[in-house]
Structures are given as C-alpha cells and as structure tokens.
Number of protein chains: 2
Amino acid sequence: MQGQNISDIIEKYLKQILADSEEVEIRRSEIADQFDVVPSQINYVIKTRFTIQNGYVVESKRGGGGYIRIEKVKLLDDIDVLDSLIQVIGDSVSERDAISIIGSLYEDDVLNKREAGLLASTIAKSTLDFGERRLEDQVRAKILVGVLNHLRYED
Amino acid sequence: MQGQNISDIIEKYLKQILADSEEVEIRRSEIADQFDVVPSQINYVIKTRFTIQNGYVVESKRGGGGYIRIEKVKLLDDIDVLDSLIQVIGDSVSERDAISIIGSLYEDDVLNKREAGLLASTIAKSTLDFGERRLEDQVRAKILVGVLNHLRYED
DNA sequence: AAATCTTTGACTAATACTGACTATTATTAT
DNA sequence: ATAATAATAGTCAGTATTAGTCAAAGATTT
C-alpha cells in the first residue's frame with residue numbers, strides 16, 4: 001500500500017467525488033489551499049492521473065469564476081484499433097491514406113456516412129491548401145489523430 | 001455547476017428571453033443597474049457571448065430612446081449570414097470562436113451532438129499543437145471553412 | 001548512481017471587470 | 001434653423017482574477 005505522497009492523496013480525493021457523480025468541478029486555488037500545495041501541483045496531478053487513457057476529460061476556464069472540470073467518460077472497447085491507427089498515421093499522412101482510414105472506420109461502423117463525409121472535408125487537399133505538401137500532410141495527421149483520440153470515449 | 005461570474009449570469013438571462021422570442025431589445029443602463037455592473041460590461045458580455053460566431057446579430061442606437069437589440073440567426077440558412085461568418089473567420093480563427101461556431105451549428109440542428117464533438121476534436125488546441133499560435137489559428141480557419149462549404153453543398 | 005517521479009515557483013495566458021473618455025442621436029433653447 | 005444640452009451606447013486601456021507552462025530542485029525507486 002504505497003502512495004502516500006500528496007499527489008496520490010489529491011488524486012484519491014477527486015476520484016472519491018467522481019465515484020458518486022459524473023464530474024467534479026474545482027477551483028484550482030481552493031484545492032491547492034486545502035492540501036497545502038502550490039496551485040500548479042493540481043495541474044501535475046491532473047496531467048499524470050486524469051488522462052484520456054484513464055477515461056477522464058478535463059476542461060477549464062481562466063479568469064474570474066474560473067474552474068477546472070474533470071469528467072469521467074466511458075472508454076470504448078476497441079481502443080487497440082485506435083492505437084494502431086494512430087501509430088500508422090505517425091506525424092504525416094497523405095490525403096489518399098487518410099481517406100482510406102476514414103473509410104475503414106466507416107466499414108467498421110465506428111463512423112456513419114455523414115460523419116465520414118464531414119471528416120473527409122476537414123482533411124481534403126482542397127481544404128488544407130497551404131502550397132506546401134509536407135505541412136499539409138502533417139496537419140492532416142494531427143487532425144486524424146485528434147479525431148481518433150476523441151473516438152476513444154463516448155459523450 | 002458553472003456560471004459563477006456575473007457575465008455568465010447576464011448571458012443566461014438574455015438567452016432565456018431569446019429562447020421564447022426571436023430577438024431581445026434592452027436599454028444598456030437598465031440591465032447594468034439590474035445586475036449591478038457598469039454599463040460597459042454589457043458591451044463586454046455582448047462582445048464575448050453574442051457574436052456572429054455564436055449565431056447572434058446585434059444592432060444598437062445611441063441617444064434618447066437608444067437600445068441594444070440582439071437577434072438570433074441561423075448560420076447556414078441565410079447566405080448573408082454565412083458570408084459574414086466566413087468573412088469573420090478569414091484566414092485565422094481562435095479555438096474559442098471555432099467552438100462557438102460549431103456550437104451554433106448544433107443549436108441550429110445542422111449538426112447533432114456527436115458530429116459537433118467530432119468536429120470540435122479536429123480544431124481543438126490540443127489537436128493542432130504546432131508550437132506556433134499563428135499557424136494553429138490559420139489551420140483551424142481552413143478546416144472550418146472546409147466544413148462550412150461541405151455543409152452548404154451537402155444535399 | 002541513474003532514472004523516474006514529485007514538488008515548487010517564476011513567468012505566461014486567458015478571462016472578467018471597471019471607469020474615463022468618445023461618439024451618436026434626440027430634445028430643448030435661442 | 002442652429003446651437004446647446006441631455007441621453008443614450010461604444011471603445012479602450014488598465015486592473016483583477018483566475019488557470020497553464022516549464023524548468024529546476026528535491027525525493028524516491030530501480
């Protein structure tokens with residue numbers, strides 16, 4: 001039974017709340033005060049323990065009335081497929097390959113026809129017309145990876 | 001759970017009225033008095049929450065009998081609205097504005113929740129993380145315009 | 001000893017709020 | 001008519017209030 005450092009304790013505290021409710025909303029400085037740590041440690045706890053891989057989505061707002069909200073989401077079953085697709089894409093992908101990836105997601109019923117069409121429009125050559133092929137392919141990779149990461153969970 | 005700051009509360013108040021009627025017309029000083037804020041904060045609320053990206057058009061008049069009128073519009077139904085939206089996007093758009101636009105399309109029933117979520121993932125800051133803000137905003141603009149054009153000619 | 005994880009704080013970024021000053025329109029006085 | 005005054009809204013820059021980043025220092029594990 002290790003895990004007595006303050007980050008683990010804060011993690012436990014937040015997860016206890018999340019055991020009862022779908023989400024938890026905090027004011028960063030309040031939690032920091034409560035556990036007597038600097039505010040940025042809250043960011044550390046979130047970054048290391050409330051990742052999307054663990055099934056958490058985090059939103060925040062700065063300024064007056066600011067907050068950090070952690071939401072527990074249901075992870076999908078076929079995460080391995082997404083992971084391997086992300087690996088295949090790497091940091092650069094052609095329009096042709098991207099279209100075929102979207103097509104296979106459609107074949108696998110991960111996306112329906114309209115969703116596939118929408119996503120195709122985001123990665124189309126005509127949409128991403130920087131006059132620079134290398135950049136275009138890199139941008140397309142980022143978009144696809146972003147989508148695949150989103151598909152890890154349901155809303 | 002959120003909505004702690006007074007701007008959010010004023011926003012909510014105005015949108016509540018707009019839920020029933022096509023438009024709302026206010027006297028700036030009255031609303032400012034009602035919520036105990038300085039008049040210019042009403043401008044702040046409008047400028048940050050009732051933009052064309054959010055699906056609102058605002059008109060006003062100064063002098064005696066002056067007013068501020070907020071009208072809800074549908075982004076895709078009206079060519080002029082769509083044109084001014086694309087003009088506002090230009091070749092660069094922030095994540096916040098892009099999210100607003102996608103949210104407006106959802107409210108207009110152009111997109112369902114899942115589609116909006118997918119598109120949001122394509123333009124998210126976390127997705128388009130070149131370490132260069134200018135490029136990030138430019139890419140986002142291209143993606144959004146690509147999607148808007150796709151939606152315009154979808155059927 | 002090296003590698004990894006945790007803690008800290010200085011600096012940055014985003015959002016909200018305020019008030020002095022400006023601009024516009026309507027009304028009243030001359 | 002024209003000018004002065006009143007009654008509105010707009011702008012902008014400064015301050016306040018939050019959260020985020022990052023690298024260095026410290027602690028723990030391997």
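A, B, ... follow the sequence lines: proteins, then strands. Residue 1 opens every chain.
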Distance below 4.0 Å between B:K61 side-chain N/O and D:dG10 OP1 or OP2: no

Any B:R96 side-chain N or O less than 4.0 Å from OP1/OP2 of C:dA13: no

Residue whose nearest DNA chain C nucleotide is more 5′ - B:R49 or B:V38: B:R49

Validation row: A:V147, A:I123 side chains within 4.5 angstrom (heavy atoms): no

Whole angstrom value for the distance that separates P of C:dC5 from CD1 of A:I9: 19 Å

Whole-Å gap separating P (D:dA9) and CD (B:E59): 15 Å

Comparing B:G63 and B:D36 on DNA chain C - which has the more 5′ nearest nucleotide: B:D36

Six-ring centre of A:Y153, A:K72 cation under 6.0 angstrom, axis tolerance 45°: no

Position toward the 5' end of DNA chain D (nearest nucleotide), A:E30 or B:I46: B:I46

Side-chain N or O of B:S40 closer than 4.0 Å to phosphate OP1/OP2 of D:dC12: no

Sugar-phosphate, base or nothing in reach of B:I68, heavy atoms under 4.0 Å: sugar-phosphate

Distance in angstrom units between B:R27 CZ and D:dA7 C1', rounded: 9 Å

Atom pair distance, as rounded to whole Å: CG in A:N43 and P in D:dT18: 15 Å

Sugar-phosphate only, base, or nothing, as touched by B:R69 at under 4.0 Å among non-hydrogen atoms: nothing

N/O (side chain, B:T48) to phosphate O (OP1/OP2, C:dT15) under 4.0 Å: no

Side-chain touch A:D8/A:R49, heavy atoms, less than 4.5 angstrom: yes

Given D:dA9, C:dT8, C:dA16, the nucleotide with the shortest approach to the side chain of B:N5: C:dA16

Nearest-Å distance for atom pair CD1/P, residues B:I42 and C:dA16: 14 Å

Short side-chain N/O contact from B:Y44 to OP1 or OP2 of C:dA16, under 4.0 Å: yes

Gap between atoms CZ and P, on B:R133 and D:dG20 respectively (whole Å): 15 Å

Residue pair B:T127 / B:T122, side-chain heavy-atom distance below 4.5 Å: no

Between C:dT8 (P) and A:D33 (CG): distance, integer Å: 13 Å

B:E95 with B:R140: basic N within carboxylate O range, under 4.0 Å: no

Joint cluster assignment, A:I86 & B:L128, ILVMFWY side-chain distance < 4.5 Å: yes

hydrophobic_cluster_shared for B:I70 and B:Y67, side chain cutoff 4.5 Å: no

DNA chain D: 5'-proximal contact among B:I26 and A:V58 (nearest heavy atom): B:I26

Any B:S60 side-chain nitrogen or oxygen under 4.0 Å from OP1 or OP2 of D:dG10: yes

Residue B:R28, side-chain atoms from C-beta onward, closest of D:dG10, D:dT21, C:dA16: D:dG10

Nucleotide of C:dA14, C:dT8, D:dT8 approaching A:Q41 most closely (side-chain heavy atoms): C:dT8

Residue B:D8, side-chain atoms from C-beta onward, closest of C:dA16, C:dT6, D:dA9: C:dA16

Candidates C:dA10, C:dT6, D:dT8 - which lies nearest the side chain of B:R62: D:dT8

Touch class at under 4.0 angstrom, heavy-atom based, for B:I6 against every strand present: sugar-phosphate

Touch class at under 4.0 angstrom, heavy-atom based, for A:G66 against every strand present: sugar-phosphate

Whole-Å gap separating C1' (C:dA16) and CZ (B:F35): 16 Å

